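Sequence lines set the chain letters: A, B, ... in the order given, protein chains first and strands last, and positions in each chain run from 1. Computed from a predicted structure; not experimentally measured.
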There are 2 protein chains.
Amino acid sequence: MSPAQLSRETLLPALAAHVLEQGLGGASLRPLAKAAGTSDRMLIYHFGNKETLISELLGYITGLYSGALDAALGSERPKTRQECVARILAEGSKPEMQAFLVLWWDIVAGAARGFPGYREAAQAMMTKQLTWLEGQMPEGDPDPAGGARMLMTMIEGTLMLSAVGHTDTALQGLLAGGLPPT
Amino acid sequence: MSPAQLSRETLLPALAAHVLEQGLGGASLRPLAKAAGTSDRMLIYHFGNKETLISELLGYITGLYSGALDAALGSERPKTRQECVARILAEGSKPEMQAFLVLWWDIVAGAARGFPGYREAAQAMMTKQLTWLEGQMPEGDPDPAGGARMLMTMIEGTLMLSAVGHTDTALQGLLAGGLPPT
DNA sequence: AGCGCTATGTAGCACTCGCTACAAGAGGAA
DNA sequence: TTCCTCTTGTAGCGAGTGCTACATAGCGCT
């Protein structure tokens, strides 16, 4: 009966769940293995070494994030830019998104420091989010492409300020930018 | 002759230099001690434990950052908001600021995950930067307080996107927001 | 001189880290 | 059967982790 043949594919979901709640910084083989119901020995067997494990894991998490964005596609598009911002910020404040957000800063830190795999993952996530945002821009917006990039920049700034306890600063910034997040 | 009495104060500069180039993630006592010309034994002696060492170190680095901002105060204020943004982005792209920026994402990640000391440090740095920015707002700006917060949000978003290789996205966003960084 | 306090060195502990050597079971191929 | 490959378990290695026990040198105070 028992474990239907372990492989990278069957392991990744459990590994992702673990880093989503424990972070990437302290992720080490034995706890990861335990979370996946196996041993460090087998993680190395399946992935070769920790570095590729993390890289593949980041790729898998990128896919998770992408899927979450797709699932969050509303049926009708927002009417205004501020409604657009409000919607994506609301998306980010959902409880199931919290783990993603916290992990995100681990990924950014790794990308800034040049860790293998981090930059690619971060870049992919941002590209996905940008595409999503472009699709969410109000119909008839004078500059959807540029507008999406402006909103993107504001949103990322807001998320970062929120992460360090400067939520008010960000919200007042949005307000002054004509984007009251309703 | 030799080492003029070690203490927290004399140790912190060397410790800060070390984490500025090596990061906070992998910072462990022996390498830190070596960088400061001491032993792990003495670091514990002077700081009690690693956690307080890191906290005090973050406080010290906050001071460094604050001083760097003060030193970057131009004699005359920018004429427009975009000049203001351009100036602070130019400040951030100076080579001596790179180490700060990379370390910054470590701090944000730690703050997001609730590590002791990280959030306070990050918050203090953002407060300082906000104050600095307010002082840099163009004379006669219709809404200096709100404007500073908006620029702040845009700037932090820009820095984050740059950190993960989406510099273009951010610059086009600034452009679409009427803030071409010259 | 004797005492006590502060600063430091040397060793070491118990633990975790990534990774490996070695053996063994399972299943298919000959 | 015999062999071979794939997968897994057990045990361990060498290095690094935060931290501590113990000894000791130097200094000022009485």
Side-chain angles (χ1 to χ4, degrees), chain A residues 1-16 18-19 21-61 103 106-107 109-110 113-118 121, chain B residues 1-16 18-19 21-61 106-107 109-110 113-118:
Chain A
M1 45 168 186
S2 66
Q5 196 82 318
L6 291 183
S7 70
R8 300 172 192 230
E9 289 67 33
T10 59
L11 287 169
L12 285 173
L15 297 177
H18 182 258
V19 302
E21 68 175 20
Q22 304 288 346
L24 276 163
S28 46
L29 290 181
R30 283 168 180 78
L32 279 170
K34 191 170 182 182
T38 182
S39 66
D40 56 331
R41 167 70 181 76
M42 290 316 294
L43 291 186
I44 296 292
Y45 176 75
H46 284 295
F47 293 95
N49 54 47
K50 189 188 176 185
E51 181 178 313
T52 41
L53 186 158
I54 296 292
S55 285
E56 299 209 13
L57 186 48
L58 287 174
Y60 178 76
I61 290 172
L103 184 65
D106 277 347
I107 299 177
R113 201 151 254 120
F115 292 163
Y118 282 70
Chain B
M1 46 166 186
S2 66
Q5 196 82 320
L6 291 184
S7 70
R8 299 172 193 231
E9 289 67 34
T10 59
L11 287 169
L12 285 173
L15 298 177
H18 182 258
V19 303
E21 69 176 20
Q22 303 289 345
L24 277 162
S28 47
L29 290 181
R30 283 168 182 76
L32 279 170
K34 192 169 182 184
T38 318
S39 65
D40 56 332
R41 167 71 182 73
M42 290 316 293
L43 291 186
I44 297 292
Y45 176 75
H46 283 295
F47 292 95
N49 53 46
K50 189 188 176 183
E51 181 178 313
T52 40
L53 186 157
I54 297 292
S55 285
E56 300 209 13
L57 186 48
L58 286 173
Y60 178 77
I61 290 172
D106 277 348
I107 298 176
R113 198 149 258 120
F115 293 163
Y118 283 69

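We find that CG of A/Leu43 is positioned 14 Å from C1' of C/dC17, with the value rounded to whole Å. Atom pair A/Ile54:CD1 and C/dC17:C1' shows a separation of 13 Å (rounding to whole Å applied). Rounded to whole angstrom, the span from the CZ atom of B/Arg8 across to the P atom of C/dA7 amounts to 11 Å. Rounding to whole angstrom units, CE of residue A/Met42 and P of C/dA24 are separated by 18 Å. Atom-to-atom, CG of A/Leu32 to P of C/dC19 comes out at 12 Å; the value is rounded to the nearest Å.
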Short heteroatom pairs, N/O only, protein and nucleotides 15-20 of chain D, under 3.5 Å:
unit_1: D/dT17; atom_1: OP1; unit_2: B/Ser28; atom_2: OG; d: 2.1
unit_1: D/dG18; atom_1: OP1; unit_2: B/Leu29; atom_2: N; d: 3.4
unit_1: D/dG18; atom_1: OP1; unit_2: B/Lys50; atom_2: NZ; d: 2.8
unit_1: D/dG18; atom_1: OP2; unit_2: B/Leu29; atom_2: N; d: 2.8
unit_1: D/dG18; atom_1: N7; unit_2: B/Arg30; atom_2: NH1; d: 3.0
unit_1: D/dG18; atom_1: O6; unit_2: B/Arg30; atom_2: NH2; d: 3.1
unit_1: D/dC19; atom_1: OP2; unit_2: B/Lys50; atom_2: N; d: 2.8
unit_1: D/dC19; atom_1: N4; unit_2: B/Arg30; atom_2: NH2; d: 3.3
unit_1: D/dC19; atom_1: N4; unit_2: B/Asp40; atom_2: OD2; d: 2.6

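Residue contacts for B/Ser39: at a heavy-atom cut-off of 4.0 Å it reaches the sugar-phosphate backbone alone, with no base atom in range.
Using a 4.5 Å heavy-atom threshold, the side chains of A/Leu24 and A/Leu58 count as touching.
Each side chain to side chain donor-acceptor pair (under 3.5 Å) pair with one or both residues in residues 35-50 of chain B, not counting sequence neighbours, appears once here: B/Asn49-B/Thr52.
Rounded to the nearest 0.5 angstrom, B/Phe47 CZ and B/Ser7 OG are separated by 8.0 Å. Going from atom CG of B/Leu29 over to atom CG of B/Leu53 covers 7.0 Å, rounded to the nearest 0.5 Å.
Side-chain nitrogen and oxygen atoms of B/His46 include none within less than 4.0 Å of the OP1 or OP2 phosphate oxygen of C/dT6.
Of all heavy-atom pairs spanning A/Ser28 and A/Pro31, the tightest one is O-CD, 3.2 Å.
Partners of B/Arg30 under the side-chain hydrogen bond (donor to acceptor under 3.5 Å, both in side chains) rule, at least two apart in sequence or in another chain, do not exist in this structure.
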